[in-house]
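Predicted model only: the values in this text are computed from it and were never measured. Chain letters run A, B, ... following the sequence lines, proteins first, then strands; residues in each count from 1.
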Amino acid sequence: MKKNGRKMIVKKDKKNVILEEVVDFDLSQTLECGQCFRYEKISQNEDGCEYIIVAFNKMLRIRQSNNRLIFFDTSIDEYENLWKDYFDLDNDYDLIKKSILKTNKKLGMAIKDMSGVRILKQEFFETLISFIISQNKQIPHIMKIVEMISKKYGSVCGEYKKKKYYSFPSADVLKNVSEQDFRECKMGFRAPYIVDAISKVISGDIDYDYLSKSSIDEAIEVLMTIKGVGSKIANCVALFSLHKTEAFPVDVWIKRIMIELYFDGEDTDKRVIEEFAKEKFGNLCGYAQQYLFYYARKNGINKKKNVKKWA
DNA sequence: CTCCAGGCAGTGT
DNA sequence: ACACTGCATGGA
C-alpha cells in the first residue's frame with residue numbers, strides 16, 4: 001500500500017485486520033462529524049477509542065489507537081472490498097489539505113482542528129433516506145429515527161455484548177410501508193417525502209449507477225425531483241454517498257461560518273454561498289465543507305454575535 | 001413557556 | 001426571482 005504520502009501497512013492476525021502507520025485519519029472525527037448516523041461509541045480512553053458501526057448490511061467493531069486501526073473479526077477481502085472505500089483510506093488527505101490551504105489560508109484553524117476527518121462513502125439508499133429525515137432535526141434525534149427504522153424493517157447483521165445490530169432496510173423492503181407507518185416512526189411531515197423517495201428508487205427514476213456517472217449538477221438536479229429533497233440534502237447525498245467532492249451542502253452552520261469568513265458578517269443567501277464555494281474550492285468543496293462544518297459547531301459560532309475570530 | 005434544529009414546499013408579491 | 005410561513009417532534 002503506497003498512497004497516503006507515507007506508507008500504510010495492512011496486516012492480518014487470526015481474526016482481525018490491522019492497519020499500522022495510518023495518517024490523516026481520526027475515527028472519532030470521521031464518525032461523529034455529522035455525515036453518518038449509524039455508529040455507537042463502545043469505549044474511549046487514553047489508549048484509544050472503539051466504535052461499532054453498521055453499513056452495507058454489515059456490523060463492524062473498529063478501534064483506533066494512535067496510528068493503528070483494528071477492524072475486528074474482519075477478513076482481508078472484506079476490508080479491501082468494503083471498509084477501505086467506506087473510510088476513503090486510499091485517498092491522500094495530506095495532499096488535499098495542502099491544496100486547500102494553498103489558496104485558502106482562512107481554513108488553517110479548521111483544518112488543523114479537524115485534520116483526521118474523512119469523507120465516508122456510504123450506501124446510497126440509506127444516505128438518501130437518512131438525509132431526508134435530517135431536515136429540521138438535531139443529529140441525536142436523526143440517529144434515533146434511523147435506528148428505529150432499522151430495528152423495525154432491517155435485519156440483524158451482528159451482535160456484540162448481547163446487543164443485536166440491525167442493517168438499514170432496502171428500498172424493496174420499504175416499498176410497502178405506508179406513510180402512516182413512517183409517521184409512527186416519528187417522522188412527522190417527512191413521511192410523505194420518504195414514500196416518494198422510495199417509489200422513485202423502485203421505479204428507477206432515481207438510480208445509483210446513473211447518478212454515480214452523472215456530473216455533480218445533473219446528479220443534484222435529478223435528486224431534487226424527489227419531494228423533500230432540496231439543494232442541501234441533494235448535496236449531502238452527492239458528497240457522502242456518491243463521493244462527488246464538488247458538492248457543498250450549505251446548512252445553517254456552514255452558512256454562519258461562511259458569512260463570518262467571506263461575507264464580512266453580512267447575511268447572505270444560501271445559493272450565493274454555494275456558488276461562491278463552488279467557485280472558490282472547486283473539486284475540493286466537499287472536503288472544505290467538512291472541515292468547516294464540525295469546526296463551526298464545535299466552536300458554537302452564533303449568528304447573532306461574533307463569538308470568535310476566524311482569521 | 002418559547003425557541004430552534006445539518007430544510008423544504010407552498011403561497012403570495 | 002424573492003420573502004415569508006407551516007410543518008412534526010423533541011430538546012434546551
Side-chain angles (χ1 to χ4, degrees), chain A residues 29-39 110 114 117 119-120 122 126-149 152 177-200 206 220-242 244-245 247-261 266-275 277 285-305 307:
Chain A
Q29 285 176 6
T30 299
L31 292 175
E32 300 200 20
C33 69
Q35 59 181 321
C36 168
F37 303 111
R38 301 298 307 282
Y39 64 86
M114 285 299 287
V117 74
I119 309 280
L120 295 175
Q122 304 182 72
E126 173 176 352
T127 307
L128 175 62
I129 301 300
S130 299
F131 277 95
I132 293 174
I133 293 167
S134 80
Q135 67 186 89
N136 230 57
K137 283 210 165 298
Q138 297 180 112
I139 292 174
H141 195 208
I142 302 163
M143 294 176 77
K144 268 187 205 162
I145 294 177
V146 175
E147 171 82 16
M148 204 184 307
I149 298 170
K152 199 163 171 184
V177 177
S178 70
E179 183 182 321
Q180 195 51 45
D181 291 332
F182 284 127
R183 282 184 191 274
E184 274 160 32
C185 294
K186 306 297 178 192
M187 288 202 196
F189 63 85
R190 304 159 194 78
Y193 302 161
I194 302 294
V195 171
D196 188 51
I198 293 164
S199 79
K200 285 190 164 73
I206 300 294
I220 284 170
E221 192 185 327
V222 171
L223 285 166
M224 283 175 65
T225 62
I226 301 168
K227 262 209 188 330
V229 176
S231 170
K232 189 269 173 182
I233 292 173
N235 273 278
C236 281
V237 174
L239 182 58
F240 302 133
S241 174
L242 304 174
K244 295 194 185 300
T245 61
F248 193 84
V250 180
D251 57 54
V252 287
W253 294 100
I254 291 296
K255 182 177 168 179
R256 287 171 198 166
I257 193 166
M258 288 295 286
I259 285 171
E260 282 302 314
L261 287 179
E266 197 124 335
D267 191 24
T268 308
D269 191 278
K270 288 169 72 171
R271 284 165 294 187
V272 175
I273 294 172
E274 188 181 325
E275 277 312 301
C285 261
Y287 304 105
Q289 195 269 2
Q290 277 305 94
Y291 293 122
L292 288 166
F293 174 71
Y294 193 54
Y295 191 69
R297 292 187 31 148
K298 189 183 156 202
N299 290 287
I301 184 169
N302 184 302
K303 67 175 171 183
K304 285 178 182 155
K305 50 179 185 166
V307 183

Taking for A:V229 and for A:P249 the nucleotide of DNA chain B with the nearest heavy atom, the one nearer the 5' end belongs to A:P249

Could you work out which one of B:dC8, B:dA9, B:dG6 sits closest to the side chain of A:D251? B:dG6

Sugar-phosphate, base or nothing in reach of A:I233, heavy atoms under 4.0 Å: sugar-phosphate

Among B:dA5, C:dT9, B:dG10, which nucleotide sits nearest the side chain of A:H141? C:dT9

Which part of the nucleic acid, if any, lies within contact of A:G34, taking any heavy atom under 4.0 Å across all strands shown: a base, the sugar-phosphate backbone alone, or nothing? base

If you measure from the C1' atom in B:dC4 to the same atom in C:dG6, how many Å do you get, rounded? 15 Å

Between A:I206 and A:T225, does the side-chain contact (heavy atoms from CB on, under 4.5 Å) criterion hold? Intermediate values first, please. CA-CA 9 Å; A:I206 300 294; A:T225 62; 4.1 Å; yes

Taking for each residue the nucleotide of DNA chain B with the nearest heavy atom, is it A:Q35 or A:M224 whose nucleotide lies nearer the 5' end? A:Q35

A:Q35 side chain to A:F240 backbone, donor-acceptor under 3.5 Å: no

Can you measure A:K144 atom NZ to B:dG6 atom P for me and round it to whole angstrom units? 13 Å

I'd like to check, for A:F131, whether its ring lies over the base of B:dG6 with centroids under 5.5 Å apart and a plane angle smaller than 30°. no

Find out whether A:K137 and A:R190 are in side-chain contact, i.e. whether some heavy atom of one side chain is under 4.5 Å from a heavy atom of the other. yes

Side-chain atoms of A:N136 come closest, of B:dG6, B:dC8, C:dA8, to C:dA8

Whole-Å gap separating C1' (B:dG7) and CD1 (A:I194): 13 Å

Round to the nearest Å and state the distance from A:K270 atom NZ to C:dA1 atom P. 19 Å

Calculate the interatomic distance between A:K232 atom NZ and B:dA5 atom C1'; express it in whole Å. 11 Å

May I ask you to check whether over 12 heavy atoms, not counting those of A:K227, lie within 6.0 Å of atom NZ? no

Check whether any side-chain N or O of A:K255 sits under 4.0 Å from OP1 or OP2 of B:dG7, and answer yes or no. no

Please give, in whole Å, the distance from B:dG7 P to A:D196 CG? 20 Å

What integer distance in Å separates A:I129:CD1 from B:dC8:P? 15 Å

With rounding to whole Å, what would you report as the distance between C:dC2 and B:dG6 at their P atoms? 27 Å

Please give the distance between the P atoms of C:dA8 and B:dT11 as a whole number of Å. 14 Å

Which one, B:dA9, C:dC2, B:dG6, comes nearest to the side chain of A:K227? B:dA9

Can you list, in residue-number order, the parts of residues 181-191 of chain A that come under 4.0 Å of DNA chain B, counting heavy atoms only? A:F189

note: A:I132, atom CD1; B:dC8, atom C1'; distance rounded to Å ~ 11 Å

Per nearest nucleotide of DNA chain C, the residue lying toward the 5' end, A:Q138 or A:Q135, is A:Q135

Please examine the side chains of A:E126 and A:R38, heavy atoms only from C-beta on, and report whether any two atoms are closer than 4.5 Å. yes

Quick one: does A:S134's side chain have a donor or acceptor within less than 3.5 Å of a partner on A:F131's backbone? yes

Return yes if some donor-acceptor pair links the side-chain N/O of A:N235 with the main-chain N/O of A:S231 below 3.5 Å, else return no. yes

Salt bridge or not between A:E179 and A:R183? Use side-chain N to carboxylate O under 4.0 Å. yes

Rounded to the nearest Å, what distance is computed from the CD1 atom of residue A:I142 to the P atom of nucleotide B:dC4? 18 Å

